[in-house]
Amino acid sequence: MGLRLTNTLSGCKDEFVPSDPQHIKMYACGVTVYDKCHLGHAMQAILYDIFARYLRFKGYRVTYVRNFTDVDDKIILRASQLGISPLELSDQMIEASRKDMLSLKVRPADFEPRVSEYIPQIISYIQDLQAKGFAYAGQDGSVYFRVRLKEDYGKLSRQNISELRCGVRKDVEEGKEDPVDFALWKVEETPGATWDSPWGRGRPGWHIECSVMASEILGDSFDIHGGGRDLVFPHHENEIAQSEAKSGGTYARYWVHNGLLTVNRQKMSKSLHNFISIEDAVRDYGYELIRFNIYQYHYQSNIDFSAQGFFLGLSRLYSIYRTRQRVIDYITRNNLSRSETRHPEYLQAFCEAMDDDFNLPKAMVVIQSVLQSQNEIMDKKINQQNAEELLSMECLLQDVLPILEIGIRPPQEFFHEIHSRYLTLKSLTNDWVLEKVAQRVKCRTEKNFAMADEIRDELLAQGISLLDSREKTSWELSERALEELVAL
Ligand SMILES: [Zn+2]
């Protein structure tokens, strides 16, 4: 069976059939760039990037568009507080957002259009809607969309026009024919954020931006349109109304909506003091832990960040890298060569999970099972059959872990990063730990086991546990140490 997607438009989990069997076109609403990006933006960018990566893994060509909204009230307000022009502010924030995405290992979309670069197209789009009777200039000079003329309006959010929440009263007074109509072009004069138009100087309404950028790049009809659940109404409803009024055909065929991000089950907001910027989160937790946490939830549900979740994630990541290191050592020690064959059963299980509405928690269970099987094989005496098993699992992991961008670093790099972070937190040094380890080795060779145990306990009290093998003694962080590292 192929990919199935929960489609907000149909309300069902639909079989996904792209218009062009080889080429998938996807648009996701991006960031309004008035401030630094936060974990909510990270979650959304990571999800749609993974969708694109998985579809490419399946052999499709994918064109993925994620826009920047760089014309908006919030940008204008914040720019004036900072004493800079709105476009100057959005330039800075786009630059910061690109840096954030890089630090999360989110690949750039194929197209990252900015509203300010599409003003002539937006104007001619609105003129076309006006010519078709769907748009009119109100008494205040602004241009509005005639919602009641679009008979299927409300089909995405499942509302009747008669039950719609009316627009804010201020808008009604400004000159709309009908309170449910929404602005396509707002006439006003804000230096640096307005453009000349047939209706006077002004700027585009929010919804028209996405309709225009999507159709300019992907065409009037495309496969997947995504965004946060909070965008279903009015943003996406209005996008559909405008786009289908203009083209007469279907706009996006599958509407995918992700849940929102919460911190300790509360909505993230500056006033609740639980606002986490991407910059801070990557510094404090690392990009893999942020990703791991996201993969614990289905994209449609709200994704919660908590100290408990981070702790679980970090202990799992720690154990993933322990297995990765063990496999590398095992392959080297036994002089095995790489396999070109992906383990067929686990490949199927992974694809089944992802094809089931991008079920990341299920996919993660498959990854955990692969790692567990690898450990079981390495616990046994080596023979040709189980070496081949292990190598085909390794081949599979080499292909699927990069989709999730997890567990693919050299394990030593991961351990070094986590360990340094912990040692700094505890004001300890790597040299101190190594010296203690050496002292203990010496005690053991001298059969001074009491002293050796004392050193072991001293290290454990600092969150460092020792692992003795025949060849050497190494160290890792205790559970408690991992917990301390991720306390929110
Ligand atoms: Zn949008």
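Every number for a ligand or one of its atoms is a count from 1 in the order of the listing. Everything numeric here is computed off the predicted structure, so don't read it as measured data.
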Under the criterion side chain to side chain donor-acceptor pair (under 3.5 Å), I'd like the reasoning laid out for Gln348 against Glu352: C-alpha separation, chi angles, the key distance, then a yes or no.
CA-CA 6 Å; Gln348 195 187 343; Glu352 268 171 16; 3.1 Å; yes
Any side-chain heavy atom of His298 within less than 4.5 Å of one from Asn359?
yes
Partner of Gln130 under side-chain hydrogen bond (donor to acceptor under 3.5 Å, both in side chains), picked from Trp185, Tyr136, Trp199, is Trp199
For Glu279, all residues meeting side-chain contact (heavy atoms from CB on, under 4.5 Å), sequence neighbours excluded:
Lys36, Asp100, Ser277
Contacts of type side-chain contact (heavy atoms from CB on, under 4.5 Å), residue Ser211, not counting sequence neighbours:
Tyr125, Glu239, Gln242, Ser243, Tyr251
By side-chain contact (heavy atoms from CB on, under 4.5 Å), Leu149 pairs with (sequence neighbours left out) Phe134, Arg146
Cut-off under 2.8 Å, centre the Zn ion (ligand 1), protein N/O/S atoms:
Cys29 SG, Cys210 SG, His235 NE2
